[in-house]
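As a basis for the values below, the full set of heavy atoms in this structure was taken, side chains included, without hydrogen atoms, waters or symmetry mates. Letters go in sequence order (proteins before strands), and every chain restarts at 1.
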Protein chains: 2
Amino acid sequence: MVTLKQIAEELGISVATVSKALKEYSDVSKRTRVLVRETAHRLNYKPNSFAVNLRTKESKTIGIIIPEIVHHFFSSVIKGIVSQAEKKGYLVIMLQSNESYDLEKKQLDLLISKRVDGILISLANATGNFDHIKNVISQDIPLVMFDKIAKVVNCSKVIIDDRKAAYMATQYLINIGCKKIAHFRGPLLPQNSIDRFLGYKQALLDNNITYDSSLVYINECSDKSFEEGKKNAKQLLKDHKDVDGIFINTDLVAIGAMTLFLEKGIKIPEQINIVGFSNWFMSSVISPSLTTVDQPGFKMGKKAFKILYKEMMTKKKNKNFDYKQVVLDTELVIRDSTNN
Amino acid sequence: MVTLKQIAEELGISVATVSKALKEYSDVSKRTRVLVRETAHRLNYKPNSFAVNLRTKESKTIGIIIPEIVHHFFSSVIKGIVSQAEKKGYLVIMLQSNESYDLEKKQLDLLISKRVDGILISLANATGNFDHIKNVISQDIPLVMFDKIAKVVNCSKVIIDDRKAAYMATQYLINIGCKKIAHFRGPLLPQNSIDRFLGYKQALLDNNITYDSSLVYINECSDKSFEEGKKNAKQLLKDHKDVDGIFINTDLVAIGAMTLFLEKGIKIPEQINIVGFSNWFMSSVISPSLTTVDQPGFKMGKKAFKILYKEMMTKKKNKNFDYKQVVLDTELVIRDSTNN
DNA sequence: CTGAAAGCGCTTACAG
DNA sequence: CTGAAAGCGCTTACAG
């Protein structure tokens with residue numbers, strides 16, 4: 001590999017001058033600058049990033065930790081992050097926590113050891129203690145949480161208003177005439193699962209519909225969403241034959257539920273109205289197509305990187321930054337699984 | 001950040017000894033070793049990876065370039081790579097070529113500049129010239145291609161036998177009695193698109209069915225697969241009303257086609273048998289479920305990393321390595337979209 | 001405008 | 001068993 005030294009020797013000048021010429025410093029003569037650049041190009045010189053990192057104390061690399069890669073929403077977020085990062089000359093290291101707290105913690109350590117310039121993270125469902133995150137933040141390493149966040153942690157965040165979105169979805173079911181509305185919520189722990197549930201509950205209360213906890217179904221295992229949807233739907237039919245609407249935490253679970261209903265000959269939306277959450281692209285494609293809350297993954301990824309970038313730049317100038325919380329808009333996409 | 005120097009000063013010994021103690025070198029007294037380790041732990045010492053990289057000339061990082069992140073198959077491959085890499089202490093930088101040759105080339109340069117220890121790549125559809133890849137290989141940087149490969153490039157590869165798999169799929173359609181079998185192929189360029197087409201063609205020939213090029217439909221734009229499936233299906237109905245089987249390049253396209261047929265009241269599999277390719281998880285879930293070729297993404301990712309790892313280790317010992325080509329098994333998963 | 005020098009934080013061959 | 005020294009390849013403050 002070609003080094004500055006070799007270019008310097010080739011031209012009979014010093015390494016310092018070569019370095020400066022390559023960086024377009026103004027205190028190098030035009031002649032030298034041109035000569036150096038030509039030689040560098042001819043020898044196919046590429047700066048040794050290891051050395052650059054060591055000197056500048058930056059890696060121009062960020063890390064991202066998500067619970068699950070094989071997931072339409074998360075991969076959209078990643079795409080948003082990677083595309084934006086590339087524009088700014090940053091590379092992205094990807095890690096998957098597998099919804100495990102221990103792994104998440106270990107991976108955070110890994111990224112710190114690698115001395116990434118910043119970290120983007122969406123929490124694992126199993127994460128209930130946030131000391132590992134706080135620890136990173138207290139070291140002044142820029143960190144932005146997205147989607148699955150911890151409200152109690154003080155840092156920048158990019159989210160949607162899950163509560164409001166769930167409220168709107170439930171209100172919509174009420175508006176089209178549903179009287180008995182069930183809710184399939186996700187696992188207990190993650191904040192957005194909680195918020196969607198709270199939105200559902202609030203909408204009922206505001207419309208003078210008594211909240212009935214037996215209408216709320218939990219699905220524990222998030223990597224078997226489709227199956228869980230079927231299971232919950234089956235149970236629902238046993239428990240409450242007269243339910244006429246369901247607000248479901250995630251599209252894939254909703255699709256599972258719809259599949260079961262169709263198998264059982266129950267008509268959607270005539271007998272049961274269904275609203276999902278996430279606007280997974282399959283949801284527009286299945287039959288009947290699914291009414292759902294659109295969750296802007298790509299946009300979220302872009303925004304999260306932008307905030308992180310600002311924090312990294314501010315830190316570089318040794319200034320302090322304020323934490324920012326961005327709430328992205330969601331939209332209820334009305335399709336054929338509800339009776340409109 | 002704590003450095004070796006600080007530990008050394010704390011204990012009144014040299015940096016060299018601290019370094020060796022931390023690395024469990026045998027020529028350090030037990031007492032010193034223990035002392036150093038305790039102090040390092042107490043001060044929360046983390047080696048500066050920038051300095052380590054510069055000295056050891058490795059980054060313990062690999063790069064991966066894929067055409068598209070938001071894609072079930074590719075995200076499965078990534079998951080396989082990331083999980084395997086983590087086991088061996090490697091971090092993974094992810095880049096997306098967006099099916100663009102120019103981007104792919106630029107990103108390869110980026111990774112080289114970052115001095116990653118190895119590269120995994122699946123080619124963009126637009127890539128027809130392979131000099132950028134050959135250039136990397138000629139620099140002795142370990143590189144493994146997977147799934148979308150270039151046959152003419154001499155390097156390690158992990159693939160499935162697309163041709164054989166397509167042959168089996170087509171043969172199956174023939175076996176269940178199809179007389180006029182169409183094929184929806186992908187874009188023209190990528191090797192696996194070509195191979196699947198050739199497998200289809202060969203199966204026809206071996207069964208004395210005349211190959212008719214008007215039965216082969218191209219879909220150009222790979223990020224609108226579902227729509228392209230519908231479009232091709234529509235065209236097919238106009239061109240060849242009597243087709244009784246279709247072998248389709250990708251599940252998502254197949255699902256698009258099925259959707260159109262169902263809309264037009266055509267019965268699957270009674271009127272048309274459909275076989276897809278990839279075994280996307282939705283394919284088992286839709287109605288009718290889709291017969292398809294299972295393409296083992298997670299396994300492919302793991303295998304690709306393993307081969308890359310071996311090459312990196314061999315290179316480290318300054319030995320030469322032979323290129324390896326691994327062909328993973330595929331399986332025809334028979335479901336309800338074919339008449340069995 | 002150019003270059004010598006120091007230093008980033010580590011590792012390792014070598015001397016003692 | 002310990003440590004001084006050199007060096008990985010850069011960047012930048014400083015002197016001239």
Asker: When you check the phosphate oxygens OP1 and OP2 of C:dC1, does a side-chain N or O of A:T32 lie under 4.0 Å from one of them?
Answerer: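 Answer is no, no contact under 4.0 Å.
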
Asker: Should B:S19 be listed as having a side-chain N or O under 4.0 Å from OP1 or OP2 of C:dT11?
Answerer: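 True: B:S19 side-chain N/O within range (under 4.0 Å) of C:dT11 OP1/OP2.
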
Asker: Under 4.0 Å between a side-chain N or O of B:T56 and OP1 or OP2 of C:dC10?
Answerer: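 Indeed not, no polar side-chain atom of B:T56 lies that close.
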
Asker: In whole Å, what is the span from the CG atom of B:N48 to the P atom of C:dT11?
Answerer: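 So the CG-P distance, B:N48 to C:dT11, works out to 10 Å.
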
Asker: Would you call A:K324 and A:E311 a salt bridge, using N to O less than 4.0 angstrom?
Answerer: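 A:E311 and A:K324: not salt-bridged.
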
Asker: Less than 4.0 angstrom between a side-chain N/O of A:K20 and OP1 or OP2 of D:dC10, yes or no?
Answerer: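 No.
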
Asker: Within less than 4.0 Å of OP1 or OP2 of D:dT2, is there a side-chain N or O belonging to B:T17?
Answerer: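 Result: no.
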
Asker: Counting side-chain heavy atoms from C-beta on, which of D:dG3, C:dC10, D:dT12 comes nearest to B:V52?
Answerer: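 When the side chain of B:V52 is considered, C:dC10 is the closest of D:dG3, C:dC10, D:dT12.
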
Asker: Roughly, in whole Å, what's the span from NZ in B:K114 to P in D:dG9?
Answerer: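 Between P of D:dG9 and NZ of B:K114: 17 Å.
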
Asker: How many Å lie between CZ on B:R33 and P on D:dG3, as a whole number?
Answerer: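 Those two atoms, CZ and P, are 15 Å apart.
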
Asker: Does any N or O in the side chain of A:N48 come within less than 3.5 Å of the main-chain N or O of A:F50, such that one atom is a donor and the other an acceptor?
Answerer: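 Yes, A:N48 side chain to A:F50 backbone: donor-acceptor pair under 3.5 Å.
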
Asker: Looking only at heavy atoms, which two atoms of A:F130 and A:V152 are closest? And how far apart?
Answerer: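 Distance-wise, the nearest heavy atoms are CD1-CG2, 3.6 Å.
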
Asker: Provide, to the nearest angstrom, the distance between the CG atom belonging to B:L54 and the P atom belonging to C:dT12.
Answerer: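 Distance check: B:L54 CG to C:dT12 P gives 13 Å.
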
Asker: B:S76 side chain to B:H72 main-chain N or O, any donor-acceptor pair under 3.5 Å?
Answerer: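 Here the side-chain-to-backbone pair exists.
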
Asker: Would you say B:Y25 reaches D:dT2's phosphate, i.e. side-chain N/O to OP1/OP2 under 4.0 Å?
Answerer: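 Answer is no, no contact under 4.0 Å.
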
Asker: Between C:dG9 and A:K57, is there an OP1 or OP2 to side-chain N/O distance shorter than 4.0 Å?
Answerer: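 A:K57 to C:dG9 OP1/OP2: side-chain N or O found under 4.0 Å.
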
Asker: Please confirm whether the backbone N or O of A:K310 pairs with a side-chain atom of A:T314, one donor and one acceptor, at under 3.5 Å?
Answerer: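 Checking the backbone N and O of A:K310 against the side chain of A:T314, a donor-acceptor pair under 3.5 Å is found.
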
Asker: Contact list please: residues 34-47 of chain A against DNA chain C, heavy atoms, distance less than 4.0 Å, in numerical order.
Answerer: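 Heavy-atom contacts with DNA chain C come from no residue of residues 34-47 of chain A; none.
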
Asker: Is there a side-chain contact between B:T3 and the phosphate of C:dC8, meaning an N or O under 4.0 Å from OP1 or OP2?
Answerer: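 Indeed not, no polar side-chain atom of B:T3 lies that close.
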
Asker: Is any side-chain N of the basic residue among A:K148 and A:E99 closer than 4.0 Å to the acidic one's carboxylate O?
Answerer: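 Result for this pair is yes, salt bridge flagged.
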
Asker: Within the distance-only criterion (no hydrogens, no angle test), does the side chain of B:S122 pair as donor or acceptor with the backbone N or O of B:F146 below 3.5 angstrom?
Answerer: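 Confirmed, B:S122 side chain pairs with B:F146 backbone.
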
Asker: By nearest nucleotide on DNA chain D, pick out whichever of B:V28 and A:F50 is the more 5' one.
Answerer: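 It is B:V28, whose closest nucleotide lies nearer the 5' terminus.
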
Asker: Which atoms form the tightest heavy-atom contact between B:M300 and B:L328, and what is the distance?
Answerer: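 Closest pair (atom of B:M300, atom of B:L328, distance): CA-CD1, 3.5 Å.
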
Asker: Is the shortest side-chain N/O distance from A:S29 to OP1 or OP2 of C:dC1 below 4.0 Å?
Answerer: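 No, no such contact exists.
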
Asker: So among B:L120, B:T61, B:V116, B:I81, which one has a side-chain contact (heavy atoms from CB on, under 4.5 Å) with B:V92?
Answerer: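 Per the side-chain contact (heavy atoms from CB on, under 4.5 Å) rule, the option paired with B:V92 is B:I81, out of B:L120, B:T61, B:V116, B:I81.
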
Asker: For DNA chain C, what are the stems built from at least three Watson-Crick or G-U pairs in a row, each pair having both distances below 3.5 Å?
Answerer: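 Expected stems, ordered by start: C:1-3 with D:14-16, C:5-12 with D:5-12, C:14-16 with D:1-3.
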
